[in-house]
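Presented below is the structure to which this report refers.
Hydrogens, waters and symmetry mates are skipped; everything else that's a heavy atom, side chains included, is used. Chain letters run A, B, ... following the sequence lines, proteins first and then strands; every chain starts at 1. Since the model is a prediction, treat every value here as computed from it, not as a measurement.
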Amino acid sequence: MAEVNSPVRVRYAPSPTGALHLGGARTALFNYLFARRRGGQFLLRIEDTDRARFKPGSQEQIEEGLRWLGTNWDETPLIQSERKAIYEKAAADLIASGAAYRCFCTPERLDQMRAEQRARHEPERYDRLCRAIPADESERRAAAGERFVVRQAMPLQGTTTLQDLVMGSVTFRNDTLDDHVLLKSDGFPTYHLAFAVDDHEMRISHIIRGDGWLPSAPKHLLLFQAFNWLPPAFAHLPLVLGPDKKPLAKRHGARDVLEYREAGYLPEAVDNFIAFLGWSPGTEEDILTMDQLIEKFSIDKIQASPAMANLERLDWLNGQFIRRLTADALAQRLAGRMPQVPVESLKPLMPLVQERLRTLNEAPEMLRFFFEEPDSYQPAQLIPKGRDAAATAMALTEAATTLRPLTSWTPETIEPALRGLAERLGWSSRDLFMGLRVAITGRTVTPPLIESISRLGKERVLARLERAGRTLAGPAPS
RNA sequence: GCCCCCAUCGUCUAGCGGCUAGGACACGGCCCUUUCAAGGCCGGAACGGCGGUUCGAUUCCGCCUGGGGGUACCA
């Protein structure tokens, strides 16, 4: 293990095969929080040694996702495909020391071997045929141009124990470990070789990665030993399941975190949400800012059991974070979603919608009546239950008449005027307000009516009341 | 098949031998109320099973069951 006091350096090492999904974002976040908490570095590494699965644009997409979430990395990302020669050299060193060997077996032979093992109900593992090839013969065949891979030579007996920071002590019998491939016949390293070489070179102190790597962790530990390098500490994160209880990473349509941005979620809400997937501060606090997450983060509070992403909770969290924004900040975040409205016009309206929003995307519809006239009125909505069209038309007209003489247009003057009208009419304020609400906004669900009337302005309110009144008074549409 | 991991309300979790098993989301009810929210109060809801260890197990150990991962010249 690395020295306790050595500088903390961790990394998130995605392969560029697609988007940054919630599970990957959580791995990145945990690394980030740990690094910041310990005053260390958080690095990024692109594991693109599999040319077949490489997706152009994926790296940029992942980086944008990380930036959006605020998990900013230090230093320039390391790109594995640019380091082919370094891995080849490392593999050669391992061959020289006897910790690895060339394997000349063809894919066909390996297939056949596995089929036979399967038939005999034996574990499917490389049978180590080429491990017995003498060094000079191996050299000669390689020099002659014969295709080969390099395999790690696992110890044949004994056990390997990993002290995992999350899972605890995990012991494997060495004779169950496969002599897996380190260097492919195309000269590219597999994950196993590349990650060890890079983590050593990058002076990584802690490997915080997905639980999927746990089964190969002993091989990784052995590999560090084979190189005679001090291994980093390991922390394997339990996986994150989707709502269908399938692992997020494998789930069809695992969502890009950027889709959450499009859907109107705040990055601070998403961070808070994923932080609590498998971790908690050990207290009853549940709304934490990034700074608070950093302050409270520790690996020993990470759970060993998998967590299922509960998107309803994300909705709630998002609402909580929206409510904590200042009105100006909320207006700024809304600006991109309502490009036709100047931010300055948006700001005074924020108090009306702030506590009603769960996502940013709900705002444009909620505020629409401030910027557009209602399309048309549905009498069924306009007329309160138990009233008729004529009475409602009269009430709306009366409302206009009542409001027109007001010299001051504020909630303090509007509200008593309308309540007085309800009394004169013998209507409940509930009924009157609903009629007015629909007349003025075109909708039955709106921000508070009096405030809306006040901010909409006298002219537009009177015009809408009269228009609605005319709609009801006029001939019924056929 | 073989190897490995995991197991508290529906979900996220607190708990690290003695608790009326706590909080949050969601759900139901009530209050507030001009609609919708927000907020407040109340409620239902969990230690997978069986054996140990112990005066005492949610907690420690084993087995079983259940879930998951790995088992590629993918990461």
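- With a 3.5 Å ceiling on both atom-pair distances, B:rA21 lacks any Watson-Crick or G-U wobble partner.
- Between B:rC6, B:rC4, B:rC2, one nucleotide has an atom nearer to the side chain of A:M167 than all others, and that is B:rC6.
- The aromatic ring centroids of A:F224 and A:H200 lie 6.0 Å or more from each other.
- Taking the six-membered ring for Trp, A:W73 and A:Y12 have ring centres at least 6.0 Å apart.
- For the segment residues 359-376 of chain A, the set of residues with a heavy atom within less than 4.0 Å of an atom of RNA chain B is empty.
- For the pair A:Q354 and B:rA37, the criterion of a side-chain N or O lying under 4.0 Å from OP1 or OP2 is not met.
- Between the C1' atom of B:rU11 and the CD atom of A:Q303 lies a distance of 13 Å, rounded to the nearest Å.
- Remark: A:K385 is not in phosphate contact with B:rU35, judged by side-chain N or O atoms under 4.0 Å from OP1 or OP2.
- A:R460 has no carboxylate O lying under 4.0 Å from a charged side-chain N of A:E373, or vice versa, which leaves the two without a salt bridge.
- Applying the salt bridge (Lys or Arg N to Asp or Glu O under 4.0 Å) rule to pairs touching residues 296-309 of chain A yields A:E285-A:K296, sequence neighbours excluded.
- Comparing the same atom, P, in B:rC55 and in B:rC63 gives a spacing of 24 Å after rounding to whole Å.
- The C1' atoms of B:rU11 and B:rG67 are separated by 16 Å, rounded to the nearest whole Å.
- The cationic atom of A:R141 (NZ for Lys, CZ for Arg) lies less than 6.0 Å from the six-membered ring centre of A:F104 and within 45° of the ring axis.
- B:rC6 and B:rA14 have their P atoms separated by 15 Å, given to the nearest Å.
- Partners of A:R430 by side chain to side chain donor-acceptor pair (under 3.5 Å), not counting sequence neighbours: none found.
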Check: residues 348-359 of chain A side-chain donor-acceptor pairs under 3.5 Å, at least two apart:
| residue | atom | partner | partner atom | Å |
| --- | --- | --- | --- | --- |
| A:Q354 | NE2 | A:I322 | O | 2.9 |
| A:Q354 | NE2 | A:L325 | O | 2.7 |
| A:R356 | NE | A:L352 | O | 2.8 |
| A:T359 | OG1 | A:N361 | N | 3.4 |

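- By the side chain to side chain donor-acceptor pair (under 3.5 Å) test, A:Q80 is found to be paired with A:E47, A:D198, residues two or more places apart in sequence or in another chain being considered.
- Here the side chains of A:L66 and A:L69 are not in contact, with every heavy-atom distance at 4.5 Å or above.
- The aromatic ring centroids of A:F195 and A:W213 lie 6.0 Å or more from each other.
- B:rA7 is paired with B:rU65 under the criterion used here, namely a Watson-Crick or G-U wobble arrangement in which both key atom distances are under 3.5 Å.
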Enumerate the protein-to-nucleotides 72-75 of chain B contacts in which both atoms are nitrogen or oxygen and the separation is below 3.5 Å.
| residue | atom | partner | partner atom | Å |
| --- | --- | --- | --- | --- |
| B:rC73 | OP2 | A:R114 | NH2 | 3.2 |
| B:rC73 | O2 | A:S185 | N | 2.8 |
| B:rC73 | O2 | A:S185 | OG | 2.6 |
| B:rC73 | N3 | A:S185 | OG | 3.0 |
| B:rC74 | OP2 | A:K184 | NZ | 3.2 |
| B:rC74 | O2' | A:D50 | OD2 | 2.5 |
| B:rC74 | O2' | A:R53 | NE | 3.2 |
| B:rC74 | O2 | A:R53 | NH1 | 3.2 |
| B:rC74 | O2 | A:R53 | NH2 | 3.4 |
| B:rA75 | OP1 | A:T49 | OG1 | 2.8 |
| B:rA75 | OP1 | A:K184 | NZ | 3.0 |
| B:rA75 | OP2 | A:Y191 | N | 3.0 |
| B:rA75 | O4' | A:R53 | NH2 | 3.4 |
| B:rA75 | O3' | A:E47 | OE1 | 2.8 |
| B:rA75 | O2' | A:S15 | OG | 2.6 |

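- Phosphate proximity of B:rC12 to A:R26: absent, as no side-chain N or O sits under 4.0 Å from OP1 or OP2.
- Looking at which nucleotide of RNA chain B each of A:E355 and A:R173 is closest to, the 5′-most match is held by A:R173.
- Nucleotide B:rA57 forms no Watson-Crick or G-U wobble pair with any nucleotide shown, as no partner meets the under 3.5 Å limit on both distances.
- When all heavy atoms of A:F370 and A:R455 are compared, the pair lying nearest together is CE2-CB, 3.9 Å.
- With distances taken from any side-chain atom of A:S280 to the nucleotides B:rU13, B:rC6, B:rC2, the minimum falls on B:rU13.
- The A:R358 side chain lies nearest to B:rA38 when the options are B:rC3, B:rA38, B:rU35.
- Residue pairs meeting the salt bridge (Lys or Arg N to Asp or Glu O under 4.0 Å) criterion with at least one partner in residues 148-161 of chain A, sequence neighbours excluded, do not occur; the list is empty.
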Heteroatom pairs (N/O) under 3.5 angstrom, protein to nucleotides 61-68 of chain B:
| residue | atom | partner | partner atom | Å |
| --- | --- | --- | --- | --- |
| B:rG68 | OP1 | A:K246 | NZ | 3.4 |

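- Cation-pi geometry between A:R26 and A:F30 is met: under 6.0 angstrom from the ring centre, within 45 degrees of the axis.
- Taking atom P in both B:rC9 and B:rA45, one finds a spacing of 14 Å when rounded to whole Å.
- Shortest non-hydrogen contact noted between A:V166 and A:Q303 is CG1-O, 3.7 Å.
- A:E201 and A:R83 are joined by a salt bridge, as a carboxylate oxygen and a charged side-chain nitrogen come within less than 4.0 angstrom of each other.
- The separation between A:F234 atom CZ and B:rC4 atom C1' is 15 Å, rounded to whole Å.
- Among the atoms of the strands shown, only primed sugar atoms or phosphate atoms (P, OP1, OP2) are found under 4.0 Å from some heavy atom of A:K301.
- Cation-pi geometry between A:R128 and A:Y101 is not met at under 6.0 angstrom from the ring centre and within 45 degrees of the axis.
- Between A:E268 and A:R333 there is a salt bridge, since at least one side-chain N of the basic residue sits less than 4.0 Å from a carboxylate O of the acidic one.
- Taking 4.0 Å as the cut-off between side-chain N and carboxylate O, A:D186 and A:K184 do not count as a salt-bridged pair.
- With C1' as the reference atom, B:rC61 and B:rA24 are 33 Å apart, rounded to whole Å.
- Judged as a ring pair (Phe, Tyr, Trp, His ring centres under 6.0 Å), and not counting sequence neighbours, the contacts of A:Y265 are A:Y260.
- Atom C1' of B:rG44 sits at a distance of 11 Å from the matching atom of B:rG29, rounded to the whole Å.
- For B:rG28 and B:rC60, the P atoms lie 37 Å apart once the distance is rounded to whole Å.
- Interface residues of residues 314-326 of chain A facing RNA chain B, ordered by number: A:W316, A:Q320, A:R323; criterion, heavy-atom separation under 4.0 Å.
- No side-chain donor-acceptor contact under 3.5 Å links A:E108 and A:Q112.
- Annotation: proximity of residues 433-445 of chain A to RNA chain B (heavy atom, distance under 4.0 Å) is found for A:F433, A:M434, A:R437, A:T444, A:V445, numbered in ascending order.
- Nucleotides B:rG43 and B:rC50 place their C1' atoms 34 Å apart, quoted to the nearest Å.
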Look for any protein N or O under 3.5 Å of an N or O in nucleotides 20-23 of chain B and output each such pair with its distance, or none.
| residue | atom | partner | partner atom | Å |
| --- | --- | --- | --- | --- |
| B:rG22 | O2' | A:E284 | OE2 | 2.8 |
| B:rG23 | O4' | A:E284 | OE1 | 3.4 |
| B:rG23 | O4' | A:E284 | OE2 | 3.1 |

